[in-house]
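Quick notes on the structure that follows.
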Amino acid sequence: MKKFFYSKKIAPYVFICPFVITVLLFWIVPVCNGVLLSFQDVLKNKWIGFDNYSRLLTDKVFRKALWNSFKYMTGTLILLIPFPMLFATMLNSRWIKKTEFFKSVYFIPALTSVVVAGTIFRLMFGESGTSLFNQVLGMLGVSPVKWLKGAGTSFFALLLLACWRWTGVNILYFLAGLQSIPTDLYEAASIDGASGWQQFIKISVPLVKPTTVYVLTISIYAGLSMFLESNMLFKGNNSPNNIGLTIVGYLYRQGVEKRALGYACAVGLILLLVVMIVNLIQLKVTGTFEEGEGLI
(Lines give C-alpha, C1' and ligand atoms only; values in the text may rest on other atoms or scores of the structure.)
Protein backbone atom coordinates (compact mmCIF):
# COMPACT_ATOMS: atom_id res chain seq x y z
CA MET A 1 0.00 0.00 0.00
CA LYS A 2 2.84 2.37 0.86
CA LYS A 3 4.52 1.60 -2.45
CA PHE A 4 1.23 2.34 -4.24
CA PHE A 5 0.76 5.79 -2.70
CA TYR A 6 4.40 6.77 -3.06
CA SER A 7 4.48 5.88 -6.75
CA LYS A 8 5.30 8.93 -8.89
CA LYS A 9 2.91 7.71 -11.57
CA ILE A 10 -0.03 7.02 -9.27
CA ALA A 11 0.35 9.79 -6.66
CA PRO A 12 -0.83 12.62 -8.98
CA TYR A 13 -4.07 10.75 -9.69
CA VAL A 14 -4.61 10.16 -5.96
CA PHE A 15 -4.26 13.89 -5.29
CA ILE A 16 -6.76 14.92 -7.98
CA CYS A 17 -9.30 12.21 -7.09
CA PRO A 18 -11.15 14.30 -4.46
CA PHE A 19 -11.61 17.13 -6.98
CA VAL A 20 -12.73 14.77 -9.76
CA ILE A 21 -15.17 12.96 -7.46
CA THR A 22 -16.58 16.28 -6.19
CA VAL A 23 -17.13 17.56 -9.75
CA LEU A 24 -18.78 14.30 -10.79
CA LEU A 25 -21.12 14.13 -7.77
CA PHE A 26 -22.04 17.79 -7.45
CA TRP A 27 -21.82 19.09 -11.05
CA ILE A 28 -21.78 16.47 -13.81
CA VAL A 29 -24.43 14.18 -12.31
CA PRO A 30 -26.85 17.03 -11.39
CA VAL A 31 -26.46 18.60 -14.84
CA CYS A 32 -27.16 15.27 -16.54
CA ASN A 33 -30.21 14.75 -14.31
CA GLY A 34 -31.33 18.30 -15.08
CA VAL A 35 -31.11 17.62 -18.81
CA LEU A 36 -33.29 14.52 -18.43
CA LEU A 37 -35.82 16.34 -16.22
CA SER A 38 -36.06 19.23 -18.69
CA PHE A 39 -37.72 16.83 -21.16
CA GLN A 40 -40.33 15.70 -18.63
CA ASP A 41 -43.42 16.82 -16.77
CA VAL A 42 -42.13 15.72 -13.37
CA LEU A 43 -45.43 15.93 -11.48
CA LYS A 44 -47.15 13.73 -14.05
CA ASN A 45 -44.03 11.58 -14.50
CA LYS A 46 -44.45 12.01 -18.24
CA TRP A 47 -41.92 12.42 -21.04
CA ILE A 48 -42.93 15.52 -23.05
CA GLY A 49 -39.93 16.03 -25.33
CA PHE A 50 -39.12 19.65 -26.22
CA ASP A 51 -42.38 21.10 -24.88
CA ASN A 52 -40.65 22.88 -21.99
CA TYR A 53 -38.20 24.55 -24.38
CA SER A 54 -40.90 25.55 -26.86
CA ARG A 55 -42.83 27.06 -23.94
CA LEU A 56 -39.79 29.20 -23.09
CA LEU A 57 -39.88 30.77 -26.56
CA THR A 58 -43.34 32.22 -25.92
CA ASP A 59 -42.94 32.96 -22.19
CA LYS A 60 -42.94 36.75 -21.76
CA VAL A 61 -42.06 36.57 -18.07
CA PHE A 62 -38.99 34.46 -18.86
CA ARG A 63 -37.87 36.98 -21.48
CA LYS A 64 -38.30 39.81 -19.00
CA ALA A 65 -36.32 37.93 -16.34
CA LEU A 66 -33.57 37.26 -18.86
CA TRP A 67 -33.53 40.93 -19.88
CA ASN A 68 -33.38 42.03 -16.24
CA SER A 69 -30.41 39.73 -15.64
CA PHE A 70 -28.60 41.08 -18.71
CA LYS A 71 -29.22 44.67 -17.61
CA TYR A 72 -27.91 43.93 -14.15
CA MET A 73 -24.85 42.11 -15.53
CA THR A 74 -24.06 44.99 -17.92
CA GLY A 75 -24.44 47.58 -15.16
CA THR A 76 -22.14 45.70 -12.81
CA LEU A 77 -19.53 45.27 -15.53
CA ILE A 78 -19.58 49.01 -16.29
CA LEU A 79 -19.20 49.95 -12.62
CA LEU A 80 -17.25 47.08 -11.07
CA ILE A 81 -14.38 46.81 -13.56
CA PRO A 82 -12.97 50.32 -14.24
CA PHE A 83 -13.60 51.95 -10.85
CA PRO A 84 -12.05 49.18 -8.71
CA MET A 85 -9.06 49.23 -11.07
CA LEU A 86 -8.62 52.97 -10.53
CA PHE A 87 -9.00 52.63 -6.76
CA ALA A 88 -6.49 49.76 -6.73
CA THR A 89 -4.04 51.90 -8.70
CA MET A 90 -4.42 54.67 -6.12
CA LEU A 91 -3.81 52.23 -3.27
CA ASN A 92 -0.79 50.83 -5.07
CA SER A 93 0.78 54.27 -5.50
CA ARG A 94 3.33 55.64 -3.06
CA TRP A 95 1.13 58.64 -2.30
CA ILE A 96 -1.41 56.62 -0.30
CA LYS A 97 -0.42 55.81 3.28
CA LYS A 98 -1.93 53.13 5.55
CA THR A 99 -3.06 50.98 2.64
CA GLU A 100 -3.80 48.04 4.96
CA PHE A 101 -6.47 50.12 6.68
CA PHE A 102 -8.15 51.05 3.39
CA LYS A 103 -8.04 47.44 2.14
CA SER A 104 -9.75 46.28 5.32
CA VAL A 105 -12.43 48.96 5.08
CA TYR A 106 -13.14 48.18 1.43
CA PHE A 107 -13.43 44.44 2.13
CA ILE A 108 -15.81 44.69 5.12
CA PRO A 109 -19.02 44.85 2.95
CA ALA A 110 -18.11 41.52 1.32
CA LEU A 111 -18.13 39.91 4.78
CA THR A 112 -21.65 41.18 5.47
CA SER A 113 -24.47 38.71 4.93
CA VAL A 114 -26.56 39.36 1.81
CA VAL A 115 -29.66 38.97 3.97
CA VAL A 116 -28.51 41.73 6.32
CA ALA A 117 -27.32 43.99 3.48
CA GLY A 118 -30.53 43.50 1.49
CA THR A 119 -32.69 44.28 4.52
CA ILE A 120 -30.74 47.46 5.29
CA PHE A 121 -30.92 48.66 1.69
CA ARG A 122 -34.66 47.92 1.59
CA LEU A 123 -35.10 50.21 4.58
CA MET A 124 -32.85 52.86 3.02
CA PHE A 125 -34.97 52.81 -0.15
CA GLY A 126 -38.30 52.72 1.67
CA GLU A 127 -41.37 54.61 0.46
CA SER A 128 -41.86 56.76 3.56
CA GLY A 129 -40.37 60.20 3.91
CA THR A 130 -38.26 58.96 6.84
CA SER A 131 -36.20 56.53 4.74
CA LEU A 132 -32.61 57.60 4.15
CA PHE A 133 -32.78 58.41 0.44
CA ASN A 134 -36.13 60.14 0.74
CA GLN A 135 -34.72 62.26 3.55
CA VAL A 136 -31.89 63.27 1.22
CA LEU A 137 -34.43 64.16 -1.48
CA GLY A 138 -36.43 66.09 1.12
CA MET A 139 -33.40 68.24 1.91
CA LEU A 140 -33.21 69.02 -1.80
CA GLY A 141 -36.88 69.94 -1.91
CA VAL A 142 -37.97 66.81 -3.78
CA SER A 143 -41.02 64.80 -2.71
CA PRO A 144 -40.57 61.15 -1.56
CA VAL A 145 -40.03 58.52 -4.26
CA LYS A 146 -41.30 54.94 -4.30
CA TRP A 147 -37.86 53.58 -5.11
CA LEU A 148 -38.68 49.88 -5.26
CA LYS A 149 -41.81 50.26 -7.39
CA GLY A 150 -40.23 51.89 -10.43
CA ALA A 151 -38.09 50.03 -12.97
CA GLY A 152 -35.34 52.68 -13.12
CA THR A 153 -35.15 53.46 -9.40
CA SER A 154 -35.20 49.80 -8.36
CA PHE A 155 -32.43 49.04 -10.87
CA PHE A 156 -30.41 51.87 -9.32
CA ALA A 157 -30.95 50.34 -5.87
CA LEU A 158 -29.75 46.92 -7.06
CA LEU A 159 -26.64 48.39 -8.69
CA LEU A 160 -25.84 50.41 -5.58
CA LEU A 161 -26.12 47.28 -3.45
CA ALA A 162 -23.83 45.39 -5.86
CA CYS A 163 -21.25 48.19 -5.85
CA TRP A 164 -21.32 48.42 -2.06
CA ARG A 165 -20.72 44.68 -1.68
CA TRP A 166 -18.23 43.87 -4.43
CA THR A 167 -16.13 46.97 -5.09
CA GLY A 168 -13.72 46.05 -2.29
CA VAL A 169 -13.32 42.48 -3.52
CA ASN A 170 -12.47 43.61 -7.05
CA ILE A 171 -10.06 46.20 -5.65
CA LEU A 172 -8.11 43.42 -3.93
CA TYR A 173 -8.05 41.39 -7.16
CA PHE A 174 -6.66 44.31 -9.15
CA LEU A 175 -4.28 45.27 -6.35
CA ALA A 176 -2.80 41.77 -6.44
CA GLY A 177 -2.34 42.08 -10.20
CA LEU A 178 -0.76 45.53 -9.96
CA GLN A 179 1.70 44.44 -7.27
CA SER A 180 2.99 41.71 -9.59
CA ILE A 181 4.14 44.36 -12.10
CA PRO A 182 7.89 45.18 -11.72
CA THR A 183 8.43 48.67 -10.31
CA ASP A 184 11.35 49.12 -12.73
CA LEU A 185 8.85 49.69 -15.54
CA TYR A 186 7.25 52.63 -13.74
CA GLU A 187 10.65 54.09 -12.82
CA ALA A 188 11.84 53.86 -16.43
CA ALA A 189 8.61 55.49 -17.62
CA SER A 190 9.03 58.32 -15.11
CA ILE A 191 12.57 58.94 -16.30
CA ASP A 192 11.27 59.12 -19.87
CA GLY A 193 8.78 61.78 -18.76
CA ALA A 194 5.57 59.71 -18.77
CA SER A 195 2.79 61.13 -16.60
CA GLY A 196 0.88 59.08 -14.04
CA TRP A 197 -2.07 58.70 -16.42
CA GLN A 198 0.22 57.57 -19.26
CA GLN A 199 1.83 55.01 -16.96
CA PHE A 200 -1.63 53.74 -16.01
CA ILE A 201 -2.77 53.42 -19.64
CA LYS A 202 0.46 52.10 -21.15
CA ILE A 203 1.77 49.91 -18.30
CA SER A 204 -0.86 49.09 -15.68
CA VAL A 205 -3.84 48.34 -17.90
CA PRO A 206 -2.02 46.02 -20.38
CA LEU A 207 -0.04 44.12 -17.73
CA VAL A 208 -3.02 43.62 -15.44
CA LYS A 209 -5.04 42.12 -18.30
CA PRO A 210 -5.06 38.53 -16.91
CA THR A 211 -6.61 39.82 -13.69
CA THR A 212 -9.09 41.92 -15.68
CA VAL A 213 -10.19 38.88 -17.69
CA TYR A 214 -10.62 36.87 -14.49
CA VAL A 215 -12.71 39.60 -12.83
CA LEU A 216 -14.73 39.99 -16.02
CA THR A 217 -15.41 36.25 -16.16
CA ILE A 218 -16.62 35.92 -12.57
CA SER A 219 -18.60 39.18 -12.87
CA ILE A 220 -20.50 37.87 -15.90
CA TYR A 221 -21.41 34.72 -14.00
CA ALA A 222 -22.33 36.65 -10.84
CA GLY A 223 -24.44 39.15 -12.78
CA LEU A 224 -26.46 36.55 -14.66
CA SER A 225 -26.92 34.31 -11.61
CA MET A 226 -27.94 37.06 -9.17
CA PHE A 227 -30.97 36.15 -7.05
CA LEU A 228 -30.58 36.67 -3.32
CA GLU A 229 -29.91 40.42 -3.54
CA SER A 230 -33.11 41.00 -5.50
CA ASN A 231 -35.07 38.62 -3.30
CA MET A 232 -34.05 40.46 -0.12
CA LEU A 233 -34.40 43.95 -1.58
CA PHE A 234 -37.98 43.32 -2.74
CA LYS A 235 -38.82 41.19 0.32
CA GLY A 236 -39.61 38.17 -1.81
CA ASN A 237 -39.55 36.91 -5.36
CA ASN A 238 -42.63 38.88 -6.49
CA SER A 239 -41.53 42.42 -7.29
CA PRO A 240 -44.07 44.87 -8.84
CA ASN A 241 -44.56 43.98 -12.52
CA ASN A 242 -41.51 41.68 -12.19
CA ILE A 243 -39.14 44.66 -12.31
CA GLY A 244 -36.69 42.84 -10.03
CA LEU A 245 -37.21 39.31 -11.34
CA THR A 246 -34.00 37.63 -12.54
CA ILE A 247 -33.59 34.43 -14.47
CA VAL A 248 -32.56 32.57 -11.29
CA GLY A 249 -35.56 34.08 -9.52
CA TYR A 250 -37.78 32.80 -12.32
CA LEU A 251 -36.16 29.37 -12.00
CA TYR A 252 -36.95 29.45 -8.25
CA ARG A 253 -40.51 30.54 -8.93
CA GLN A 254 -41.14 27.68 -11.34
CA GLY A 255 -39.23 24.95 -9.54
CA VAL A 256 -39.93 25.71 -5.87
CA GLU A 257 -43.04 27.89 -5.74
CA LYS A 258 -44.98 26.26 -8.59
CA ARG A 259 -43.23 22.86 -8.41
CA ALA A 260 -42.80 22.73 -12.19
CA LEU A 261 -39.41 21.02 -11.89
CA GLY A 262 -39.11 20.04 -15.54
CA TYR A 263 -39.72 23.58 -16.74
CA ALA A 264 -37.34 24.94 -14.07
CA CYS A 265 -34.62 22.57 -15.30
CA ALA A 266 -35.11 23.89 -18.83
CA VAL A 267 -34.71 27.46 -17.51
CA GLY A 268 -31.55 26.43 -15.63
CA LEU A 269 -30.01 24.81 -18.70
CA ILE A 270 -30.72 27.89 -20.80
CA LEU A 271 -29.01 29.97 -18.10
CA LEU A 272 -26.01 27.62 -18.17
CA LEU A 273 -25.75 27.94 -21.96
CA VAL A 274 -26.11 31.74 -21.84
CA VAL A 275 -23.36 32.09 -19.21
CA MET A 276 -21.03 29.79 -21.16
CA ILE A 277 -21.67 31.54 -24.49
CA VAL A 278 -21.22 35.05 -23.07
CA ASN A 279 -18.01 34.08 -21.28
CA LEU A 280 -16.61 32.25 -24.29
CA ILE A 281 -17.30 35.32 -26.44
CA GLN A 282 -15.54 37.65 -24.00
CA LEU A 283 -12.59 35.24 -23.67
CA LYS A 284 -12.34 35.16 -27.47
CA VAL A 285 -12.62 38.95 -27.76
CA THR A 286 -9.99 39.55 -25.08
CA GLY A 287 -7.61 37.17 -26.85
CA THR A 288 -7.24 34.80 -23.92
CA PHE A 289 -7.27 31.65 -26.06
CA GLU A 290 -4.73 32.99 -28.56
CA GLU A 291 -2.31 34.20 -25.92
CA GLY A 292 -2.54 31.04 -23.86
CA GLU A 293 -2.42 33.02 -20.64
CA GLY A 294 -3.88 32.05 -17.29
CA LEU A 295 -6.75 34.06 -15.91
CA ILE A 296 -4.99 34.93 -12.68
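Residues take their numbers from the sequence shown, with the count starting at 1.
- Here the shortest heavy-atom pairing between Pro109 and Val105 reads CD-O, 3.5 Å.
- For the atom pair Gln282 CD and Ser219 OG, the distance stands at 9.5 Å (nearest 0.5 Å).
- Side-chain contact between Arg165 and Val114 is present, with heavy atoms from C-beta onward closer than 4.5 Å.
- Looking only at distances, a side-chain donor or acceptor of Ser54 sits under 3.5 Å from a matching main-chain atom of Asp51.
- Checked options Thr246, Val256, Val267; the residue passing with Leu251 is Val267 (criterion: side-chain contact (heavy atoms from CB on, under 4.5 Å)).
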- Going through the checks in order, is the side chain to side chain contact (heavy atoms under 4.5 Å, CB included) test met by Leu148 and Thr153? CA-CA 7 Å; Leu148 301 181; Thr153 52; over 6 Å; no
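- Of all heavy-atom pairs between Asn170 and Pro84, the closest is CB-CB, 3.7 Å.
- The shortest distance between side-chain heavy atoms of Lys235 and Arg122 falls below 4.5 Å.
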- Message: For Trp164 and Leu160: C-alpha separation, side-chain torsions, deciding distance, then whether side chain to side chain contact (heavy atoms under 4.5 Å, CB included) applies.
- Response: CA-CA 6 Å; Trp164 180 80; Leu160 190 62; 5.7 Å; no
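- Heavy atoms only, all atoms of each residue included: Tyr72 and Gly223 are closest at CD2-O, 3.4 Å.
- Expressed to the nearest 0.5 Å, how far CZ of Phe83 lies from CD1 of Ile78 amounts to 10.0 Å.
- The backbone N or O of Val61 sits less than 3.5 Å from a side-chain atom of Asp59, completing a donor-acceptor pair.
- Between Trp67 and Phe70, the distance from one ring center to the other does not fall under 6.0 angstrom.
- Atom CD1 of Ile108 sits about 12.0 Å away from atom OH of Tyr106, to the nearest 0.5 Å.
- A donor-acceptor pair shorter than 3.5 Å can be found between the side chains of Asn134 and Ser131.
- In this structure, the side chains of Lys64 and Asn241 come closer than 4.5 Å at one or more pairs of heavy atoms.
- Side-chain contact, Gln135 with Thr130: no donor N or O sits under 3.5 Å from an acceptor N or O.
- More than 12 heavy atoms of other shown residues, nucleotides or ligands fall within 6.0 angstrom of atom CG in Asp192.
- With no hydrogens or angles considered, no side-chain donor-acceptor pair links Asn237 and Tyr250 at under 3.5 Å.
- Residue Phe155 qualifies as enclosed at atom CZ: its count of foreign heavy atoms under 6.0 Å is above 12.
- No continuous path of hydrophobic side-chain contacts links Leu273 to Phe50 [ILVMFWY only; heavy atoms under 4.5 Å].
- One hydrophobic cluster holds both Ile81 and Tyr214 under the rule that ILVMFWY side chains link at heavy-atom gaps under 4.5 Å.
- Checked by atom type and distance alone, the side chain of Lys209 pairs as donor or acceptor with a backbone atom of Thr286 at under 3.5 Å.
- Not a single donor-acceptor pair under 3.5 Å links the side chain of Lys202 to the backbone N or O of Trp197.
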- Task: Check step by step if side chain to side chain contact (heavy atoms under 4.5 Å, CB included) holds for Phe62 and Ile247.
- Result: CA-CA 7 Å; Phe62 169 74; Ile247 187 170; 3.9 Å; yes
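- Nearest heavy-atom pair across Pro144 and Gly129 is CG-CA, 4.1 Å.
- No continuous path of hydrophobic side-chain contacts links Leu228 to Val169 [ILVMFWY only; heavy atoms under 4.5 Å].
- Nearest heavy atom pair, residue Leu245 against residue Ser239, reads N-OG, 3.6 Å.
- When each of Val35, Val29, Ile28 is paired with Cys32, the side-chain contact (heavy atoms from CB on, under 4.5 Å) condition holds for Ile28 and for no other.
- Gln179 contributes no side-chain N or O that, together with a main-chain N or O of Ala176, makes up a donor-acceptor pair within less than 3.5 Å.
- Screening Leu283, Val278, Asn279, Val285 against Ile281 for a side-chain contact (heavy atoms from CB on, under 4.5 Å) leaves a single residue, Val285.
- Summarising the geometry of Thr119 relative to Met232, their closest heavy-atom pair is OG1-CE, 3.6 Å, with the distance given to 0.1 Å.
- Residues Cys163 and Leu80 form a side-chain contact, since some pair of their non-hydrogen atoms from C-beta on lies under 4.5 Å apart.
- Linking Ile, Leu, Val, Met, Phe, Trp and Tyr residues whenever their side-chain heavy atoms come within less than 4.5 Å leaves Leu37 and Leu43 in two separate clusters.
- Residues Asn68 and Arg63 have side chains that never bring a donor and an acceptor to within less than 3.5 angstrom of each other.
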- Task: Go through the steps for Arg253 and Asn242 under the test side chain to side chain contact (heavy atoms under 4.5 Å, CB included), then give the verdict.
- Result: CA-CA 12 Å; Arg253 178 183 293 179; Asn242 295 315; 3.1 Å; yes
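- Annotation: Tyr53 is in aromatic contact with Phe39 [ring centroid separation under 6.0 Å].
- Cluster membership for Val23 and Phe15, using ILVMFWY side-chain heavy atoms within less than 4.5 angstrom, is not shared.
- Summarising the geometry, atom CD1 belonging to Ile181 is positioned 3.5 Å from atom OH belonging to Tyr186; distances are rounded to the nearest 0.5 Å.
- Summarising the geometry, atom CD belonging to Gln199 is positioned 11.5 Å from atom CD1 belonging to Ile201; distances are rounded to the nearest 0.5 Å.
- The closest side-chain heavy-atom distance from Glu127 to Lys149 is below 4.5 Å.
- Figure legend: Arg55 and Tyr263 shown as a cation-pi pair, the cationic atom lying under 6.0 angstrom from the six-membered ring centre and within 45 degrees of its axis.
- For the atom pair Leu175 CG and Thr211 OG1, the distance stands at 10.5 Å (nearest 0.5 Å).
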